[in-house]
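Position 1 is the first residue of the sequence; numbering continues from there. Hydrogens, waters and symmetry mates play no part in the numbers below; they use all other heavy atoms, side chains included.
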Amino acid sequence: MRGSCRLFPLLLLALLRGLCHGREPAPGAVTCGSVLKLLNTRHSVRLHSHEVKYGSGSGQQSVTGVEASDDANSYWRIRGKSDGSCQRGTAVKCGQAIRLTHVNTGKNLHTHHFPSPLSNNQEVSAFGDDGEGDDLDIWIVQCSGTYWEREDAVRFKHVGTEVFLSITGEQYGHPIRGQREVHGMPTANHHNYWKAMEGVFIKPSMDPAKHDEL
């Protein structure tokens with residue numbers, strides 16, 4: 001009987017370890033600090049930005065969707081909502097608040113109460129300098145599991161205005177002919193699903209203390 005009592009704490013520890021192991025991120029989890037492209041699954045275009053400003057609305061740097069898979073202006077870095085809140089290598093959880101920083105221009109994915117130029121939905125722009133903008137740069141990752149997996153189609157819901165990052169197919173003319181309008185929509189639907197595509201993915205880690213803060 002005494003031997004059984006001694007074994008009980010060991011068995012409990014093993015059980016707890018097994019439960020914790022089940023919550024570890026899979027190798028395919030998207031992690032903080034990763035640089036990636038995002039594909040709109042409905043319209044098969046990648047989230048894109050460039051040094052072209054809107055001619056109406058906010059006049060900020062425009063955000064569009066492009067069909068090309070090899071355009072360097074379609075890379076975005078995954079960051080936390082504030083410094084230190086998303087350490088490099090930490091898997092992004094479903095429901096987590098993040099920023100998406102455009103790699104080539106250092107501006108953050110942003111939206112606000114301006115009408116988008118083609119569809120009259122909510123304008124989405126790129127805003128800030130060297131990765132620093134304001135509270136309207138923050139998005140919630142919506143997915144069905146524990147972590148954002150690369151194979152998942154996810155939504156991005158804006159914290160400040162509660163719209164979803166969306167594309168409905170409207171195309172621009174000169175000077176960005178053929179590129180699609182990206183905007184915010186108030187309802188969750190098939191126009192606002194996105195999937196992680198090409199990029200540099202930092203290996204998931206359960207020990208974020210070993211990584212730099214973003």
Between Tyr193 and Arg42, is there a cation-pi geometry (under 6.0 Å to ring centre, at most 45° from the normal)? no

State whether the side chain of [X] and the backbone N or O of [Y] hold a donor-acceptor pair below 3.5 Å, judged by distance alone.
| X | Y | answer |
| --- | --- | --- |
| Tyr54 | Val124 | yes |
| Asp71 | Asn73 | yes |
| Trp139 | Leu109 | yes |
| Arg79 | Gly131 | yes |
| His158 | Phe164 | no |

Check the pair Phe156 / Gln142 against side-chain contact (heavy atoms from CB on, under 4.5 Å), numbers first and verdict last. CA-CA 6 Å; Phe156 299 100; Gln142 290 194 342; over 6 Å; no

Could you check whether [Y] and [X], counting side-chain N and O atoms only, form a donor-acceptor pair closer than 3.5 Å?
| X | Y | result |
| --- | --- | --- |
| Gln61 | Thr105 | yes |
| His50 | Ser62 | yes |
| Glu181 | Ser119 | yes |
| Ser116 | Asn121 | no |
| His183 | Glu123 | no |

So do the side chains of Lys37 and Ser74 get within less than 4.5 Å of each other, counting heavy atoms only? yes

Presence of salt bridge, [Y] and [X], under 4.0 angstrom:
| X | Y | result |
| --- | --- | --- |
| Glu51 | Lys107 | no |
| Lys195 | Glu149 | no |
| Glu198 | Arg46 | yes |

Least distance between heavy atoms, Pro175 atom then Val52 atom: CG-CG1, 4.2 Å

For Ser125, give me all partners under side chain to side chain donor-acceptor pair (under 3.5 Å), at least two apart in sequence or on another chain. Gln60

Ring centres under 6.0 angstrom apart (His191, His43): yes

How about CD on Glu67, more than 12 heavy atoms from neighbouring residues, nucleotides or ligands closer than 6.0 Å, or not?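 Not buried by this count: 12 neighbours or fewer within 6.0 Å.
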
